[in-house]
Amino acid sequence: MVPLVEFENLKVRFKGERTVHAINGLNLSLQPGEMLGLLGESGSGKSVTLKTLLRLLPPKRSELEGSVRVNGTDVMSLSGKALARHRGGEVSMIFQEPALALDPVYTVGEQIAETVMRHKGVSRVAAMDVALDMLTRVRIPSPERRLKTYPHEMSGGMRQRAMIALALSCRPKLLLADEPTTALDATVQIQILLLLRELQKEFGMGVIFVTHDIGVAVEVSDRIAVMYAGNLVESGTAAEVIKNPRHPYTKGLLAANLHGAVKGQRLDAIPGSPPALETAPDACSFADRCPQATNRCRSALPPVVDISGQHKVACVLETANV
Amino acid sequence: MTVVADTAEVAEPVRKAPGYWAGVFKRFLNDPVAVTCTIVVLLLILAAIFAPYLGLNDPYKASMIKRLKPIGFPGFPLGTDEQGRDMLARLIYGGRLTLFVGLVPVVLAFFIGSTLGLVAGYVGGWINTIIMRTVDVFFAFPSVLLAIAISSALGAGIINSLVSLTIVFIPPIARVAESATASVRALDYIDAARATGGSALTIIRVHVIGNVLGPIFVYATSLTSVCMILAAGLSFLGIGVRPPEPEWGLMLNTLRTAIYINPWIAALPGVMIFITSLCLNLLSDGLRSAMNVKD
Amino acid sequence: MSKTEASFGQTDRGGPHQPLIIAKDLKKHFPIRSGLLNRKTATVHAVDGISFEVQKGETLGIVGESGCGKSTTARLLIGLIELDDGSIIYDGDALGTDIKLKELRRGVQMVFQDSYASLNPRLTIVDSIAFGPKIHGHADPSGVARGLMGRVGLDPERFAERYPHELSGGQRQRVNIARALALSPRLVILDEAVSALDKSVEAQVLNLLNDLKEELGLTYVFISHDLNVVRYISDRVLVMYLGEVVEVGPADAIYAKQAHPYTASLFAAMPSMDPDNRTEEPPLAGDPPNPIDPPTGCRFHTRCRFAEDICSKTKPKLSVIGGSERHLAACHLQDTTSGHSQALKEVAE
Amino acid sequence: MFAYLIRRLVYVLPVAVGVSIICFLLVHIAPGDPLTAIMPVDATQEEQAAMRSAYGLDKPLPVQYAIWIGKAVTGDLGKSIATGRPVAGEVFSAVKNSLLLAFTASVIAFPIGLLLGFIAGYFRDTIIDRLVTAFAITGVSVPNYWLGIVLVIVFSVQLGWLPSMGAGPGGSGQWAWDYAHIKHLILPSVTLAVVPIGIVARTVRALVGDIFSMDFVQALYAKGMRHGDVLRHVIRNAAPTALSVMGLQLGYLLGGSILIETVFNWPGSGFLLSNAIFQRDLPLLQGTILVLALFFVSMNLIVDVAQAAIDPRIKRS
Amino acid sequence: AGTLRVGMTASDIPLTTGQTDQGGEGMRFMGYTVYDSLIEWDLTSADKASVLIPGLATEWTVDPDDNTKWTFKIREGVTFHDGSPFTAHDVVWNFDKLLVPESEQYDPRQSAQGKSRIPAVASYKALDDFTLEIITKTPDATLPYQLAWILMSSKANWEALDKNWEEVAKAPSGTGPWKLTGFVPRERAELVPNEAYWDASRVPQLDKMVLMPLPEPNARTAALLSGQVDWIEAPAPDTIPALTGNGMEIVSNAYPHNWTWHLSRLEGSPWNDIRVRKAANLAIDRDGLKALLGGLAIPAKGFLPPASQWFGEPTFEVKYDPEAAKALLAEAGFGPENPIKAKALISPSGSGQMLPLPMNEYVQQSLAEVGIEVEFMVVEWNQMINLWRAGAADPSVDGSQSINFTYFIQDPFTGLIRHLSCDLIAPNGTNWGHYCDPEMQALFDEIKTTFDPEAQNAVLRKTHEKYVNDALFLMVTHDVAPRAMSPKVKGFIQAQNWYQNFSGITIEE
Ligand SMILES: Nc1ncnc2c1ncn2[C@@H]1O[C@H](COP(=O)(O)OP(=O)(O)OP(=O)(O)O)[C@@H](O)[C@H]1O
Ligand SMILES: Nc1ncnc2c1ncn2[C@@H]1O[C@H](COP(=O)(O)OP(=O)(O)OP(=O)(O)O)[C@@H](O)[C@H]1O
Ligand SMILES: [Mg+2]
Ligand SMILES: [Mg+2]
């Protein structure tokens, strides 16, 4: 089966006032209908990974290497009409701040309908019907009325639902969700997470769900991939990664998430802060913060070790175990 | 102190961070256009200040025989005006008054307007209402109209021009200052400073001024060219600087009829106004981007 | 800890059993102006009569949905906004009658959520921290500041002269903590102080807060929407809904059993950490109601599974439940006399 | 929307009163006797005194203000000292001519300014942007009264293509939209248009640049919108602000054309004003300034309301 | 035939109801065109100074027994533009319009312009339809000159227009050679010939004359060069080469106008010393000044232009002789090392002031060279008029010892008497410098009481000789009233007068 998404040795570099090596040799694939949680702290390259799939990075300032394929199509080779069809048609995206990602001067209905018209070539009236249908599907109360409201007239949760309706309106095969619930309250967040889970089943699309909250990743993902400094450090099924974390960074994150922390006891915090990425890494990026780091970690890139089935870890410590 | 050792920062080279203004300065220096314009403006100001020491001809000495001589006439590098006075000397001396009347109102309005805006923005309440509603009333006049109205009411003369232009520029500056102050005041660090028990005056001095002065200053610099053109316009209308003082707007006026004899000479004061205001505008733009001020 | 810093702080007056701070019936309504002549047309009932106390040396966690009035409460406690009603008693002294705001502020300090906005971008780190001691006439403000930097894990040699934008979020939040400590307060209010930080950094800061508390004998009011964090750090937890307290009690007791349906929903909304046991049903539908026009009776009745007529009519009182006299909830279900059909049954269980 | 309109109207009232007080005071703080200009130079003291009381200039200031404002609200702005004609009529016909000029200048300036600004914002930080910006800055830096003189020399005197002054063969009273008249509009309105071109271009450039860097633009691309669609969104977002800048500029054009009208002998409000200034014709001066300022205030009002009407982000409760 | 389009220097169309405003230009274009006065100026010759001639009065006599009683024969058969006949009763009606506030037709605006022109008039009455009697306050032989100011508007027209002067302004009616057919304030006025004019030789030959106010000199020049007007008043000197270069014609002629410094004769004024006054007059290179004015000036030889019928033969020759000036000053005890200090009032603009700033600076320069140091007090024109009325002793002039004024010197009273008469010392009159000399006063009285025109001219010449010999003013130049016109304009004769005759003009198409 052709994987829905396939990154092969992706490297992304930003030029400008200072160079940022945002993605450094990423290998990742996603099967159709699969829901992947992409986990990592701020600046680890999650958003850049997603944007690569839509070719949304600023063309002049970014340099890309490696290959990215969606459904077997090389995304890098797309342009013009094909690219526009790809964006929103094949792959669509939900953003962290729906308040910023929606055009403030168009109604929600217009914005959904516009996408539908563009991709499905239907009339305005038909597109509005689709929009109404989508708003109903994302369980927005009184959808007819909401069709005619502007984004700023909605609450955060409502806006995110509208954003999801927009993203799904053209039945994409792949949905990218960039921290869609970070800005929301816990009670609303869980509503959105469950909604996404449900819609994913209903539409059968593949989803990459970016978050820095392990709990959120667990709630939605079949598989979890942990990113650090522009590369994956560990990936596997949700259960494998949570119950049997192998990379020191993953372990640290779980500890920091107060998973099973005892009150009053010191937390096993990961010391320090992430690297600046000004140069391409030639060793384990985590070595500086790793309590188990050895000279070997600092001298070469870590190997990717298959623990079992899907469970992969990029850490020297695991070589011994295999 | 050892208890927090595990959270201490990973070693980084010791360095002394450059201050904000140092950063602004560096960015400004990297902008060739802004630097060129600054040099031009500085040269003009220096020339104006040191005019008496530049070995120029007497800008007031007239000679009927040598009137309206072309550029390059022996002894008069830029020719002579309608009374045979040396254009070069008059343009340089003219820079004195023109720049004075063009810049001083903005400086005065900067101080007065910023103070009003700061007080209105920080204190709020009815003080804000009084100050800002008054400002609104003055805002109801297009600036040119207001300047002309006040100047014509007060009559010609340098002081009157200064007064009227200052009045014209106080309201816009006060507005910018007020909104900048109000937005800074809403930031948490002001609350944090208030929570430490600092008095309003201390907080304004330490925490507010430094953060609002930038945008106000940039805005004020953008007004200098407007002010200069306006000041020259008042003189041009005959309600600004009085003859025989050399002032570019006035020179433009008195040389108007000479356009038929020696258009280049007649154009010179206009060119000077244009160059100066162009440089002031570009300088202000440079400052704006160096200080990262959004419109 | 050197002598000078200790003597710069405040001394205990009320004794160990006097709560450090008591909030009585605090109210804050924000007017909304619009319409003709900009008249007041509506009020946001941001904080609507809440009472609680904070014991010396404890950490009180405050949780609740966005907009329920957590920050407003914090700002009221430190006098950044004026009370509409109610009173604050600090170590036995009533604010306004026994002590002045300025004195209260030496004992109470605050750390804000947005680490960047809470630092003056034009001041160096050391100047920001030294501001408080300086205006209080301390002899060596920058000495105090450098000492505190060391204590919060920032090498003064390297960081003192830097500006906020040159620091990471975690480092900035350490600076904010140091700044709050500069006047040697006894109570520190942390308003979402760790929410914006990455998980790994958050843990560092939580460790730091625990260390400081122990070392300096501090009392915390810790505001957060992350129940895991609140549980980890708090001794007692206060749950707010639409400007009111719905439940307050020892952290462990509340985590073990939530007395108020809202608290229960809030806990149920936490993402599960078990991939085999994910949340199936959203515990609450929709958003919280608008605080401009809060529901009558129990404010939660519009979203409550157990709501009955009585809930929309009578406002439940905050009362002791389940034996622990420090565990209170405001729910008709917990009140045998409320007339709620499920109330007795619930208690009978 | 209606309530918003009313609120804005009510808000305008105190401003209008303030404006009228300033207008009134302006001409009364002035030194010199306003009657000088119209009396023969050797008129006697009694003759002057008689004239002064005929114009009510011998009463205390507050009384004069009350009389003036009381009449002004009924549309009677008094009589010109210099001509004896009712000020209201004079101002009305002059403002009409100024509006003609200001509108023509706007018709020239706004499309050019919008287009240039849009192009520069779209190609931000490229050579095109820099060229446009340079052009715009030149526009705001050039003293337009001087430009006017230069244009007259070139196009009227040297080339003889366009008339140098006036409002047409029959004067403004016989204005018609034919070439004989329109050609009189060309030079003054082009001169007048230079500054607003610069200002509109610069504002729109910054505006469009900002909008292009907003997140929703990326989101538009992300959902497969083509360039044209994105431009449509950007324009729609920029429209309210651009509209208000243009509205304000129109107001400025009307109030700021005095120098240009003087240069071109255009029978508008600026020309009237400069006559009034030099003749110290108090009622005329007051009336003209008042009408222009009130026009400007109403312009702001209209702009605000229009902006509120087309910008859904503005609360219209 | 054809249309003559005139660019005036006024900023507005002059008052159209009869007695015009806007000074000499108003009288020129809206006064003597639409209206007539009883006695008029002869505008037919360019070569000799113009003199008074009969207008609406055909002859006038003064009663030999009672020198205050004048009788005027009114011209018969004259009609107003509205068709109503002109009679002696209309003259009375017009006098009442100016002098009697109680009268129905009293018009403050016209009165303000006309009343002060006829100070001699005490009373008047119509003896019959064509005989008018005027009584003067004191014997005053300058009455004919005064009456040349007063224009006659139509009573019938005023009555037809509801006795409303504002309406009359829109549709005025006079007896003049031109009829006003319409005007747009500040923009244009249109005049057409009055074919029924009583003096057939002055019926205009043009089809139409259009007046346009163009106060800005550059705008006037540009308008002429771009063909928007055919005729401009007072082209700026610097534009003249361009005008002539483009085929325009410059017409000029001497006329009774001077550019002087009126000197203060108060206690302490340096000008009280005749040697200083003479020195100042000798210090100025008037030919240089003429160059500054593009040649459009007549260097002053006296207070009146050299061609004036009243110039006489003064012994003091006004010329450029700096050495003599220095000698005179040395005699008075001053010199370049020990200069006299004087303060002078000037204005940067003002009607008829030529180029006040450059000219004054030039004068200042010249005086400095011989040892008179002048400091200027520069005030606005309107302020200047006030200061001129207030007189040299008024505190508002701030101790200034001279005032730069240009004087209209067309008739004995305005030309000579009003400046130096003892009973007209400011602020009661316009004797700004507080000069009072019995000898001069006697001459003035003689002018007023000499009713024979030739004898009166002789007295006037004597008066002017004293003006010059005593160097009572700093006499600088005379204006030549230049006007530029397109070569299409034919048949214009510029009289040596403030007013001009437009009737003979034609436009060559
Ligand atoms: N357009 C860009 N130009 C330059 N650098 C960029 C750009 N976009 C991202 N980066 C840099 O690339 C790195 C990865 O950014 P990315 O946005 O993918 O992080 P992230 O994992 O999504 O973090 P967050 O959780 O904060 O959203 C960061 O260091 C960021 O500064
Ligand atoms: N200055 C103010 N003017 C008007 N309304 C205000 C003001 N400050 C807060 N509010 C309103 O009061 C309510 C409570 O706000 P508060 O900031 O206390 O909530 P919070 O619980 O801290 O929320 P969050 O979790 O989003 O920080 C909100 O509805 C808010 O909109
Ligand atoms: Mg991101
Ligand atoms: Mg909050």
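FYI, side chains are in, hydrogens and waters are out, and symmetry mates aren't considered; it's all heavy atoms of this structure. Letters go in sequence order (proteins before strands), and every chain restarts at 1. Please read these numbers as outputs of a predicted model, since none were measured by experiment.
Residues of residues 78-98 of chain A that come closer than 4.5 Å to chain D, counting heavy atoms only, are A/Gly80, A/Lys81, A/Ala84, A/Arg87, A/Gly88, A/Val91, A/Phe95, ordered by residue number.
The number of heavy-atom neighbours closer than 6.0 Å to CZ of D/Phe92, taken from other residues, nucleotides and ligands shown, is 12 or below. Dense packing is recorded around NZ of A/Lys120, with more than 12 heavy atoms of other residues, nucleotides or ligands lying under 6.0 Å away. Atom CZ of D/Phe135 has 12 or fewer neighbouring heavy atoms from other residues, nucleotides or ligands inside a 6.0 Å radius.
One distance of note links NZ of D/Lys223 with OG of A/Ser169; it measures 8.0 Å at 0.5 Å rounding. For the atom pair CZ (D/Arg236) and CD (A/Glu110), the distance works out to 6.0 Å, reported to the nearest 0.5 Å.
Interface residue A/Leu102: only backbone heavy atoms are found under 4.5 Å from chain D. Only the side chain of A/Leu166 comes within less than 4.5 Å of a heavy atom in chain D; its backbone stays farther off.
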Residues 99-122 of chain D, side-chain donor-acceptor partners within the protein, below 3.5 Å, at least two apart:
from, atom 1, to, atom 2, distance (Å)
D/Thr104, OG1, D/Leu100, O, 2.5
D/Ser106, OG, D/Ala102, O, 2.7
D/Tyr122, OH, D/His227, NE2, 2.2

Which donor-acceptor pairs under 3.5 Å do the side chains of residues 187-195 of chain D make with protein atoms, sequence neighbours left out?
from, atom 1, to, atom 2, distance (Å)
D/Ser189, OG, D/Leu185, O, 2.5
D/Ser189, OG, D/Ile186, O, 3.2
D/Thr191, OG1, D/Leu187, O, 2.7

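Across D/Asp311 and A/Val105, no two heavy atoms sit closer than the pair OD1-CG1, 4.1 Å. Nearest heavy-atom pair across D/Pro312 and A/Pro104 is CG-O, 3.9 Å.
By number of non-hydrogen pairs under 4.5 angstrom with chain D, the leading residue of A/Thr115, A/Leu54, A/Leu176 is A/Thr115. The candidate with the highest count of non-hydrogen atom pairs below 4.5 Å against chain A, out of D/Ala239, D/Ala219, D/Ala222, is D/Ala222.
For the pair A/Arg118/D/Asp229, a side-chain contact is recorded, criterion being any heavy-atom separation below 4.5 Å from C-beta on.
Judged as a side chain to side chain contact (heavy atoms under 4.5 Å, CB included), and not counting sequence neighbours, the contacts of D/His233 are A/Asp103, A/Tyr106, A/Glu114, D/Phe216, D/Leu220.
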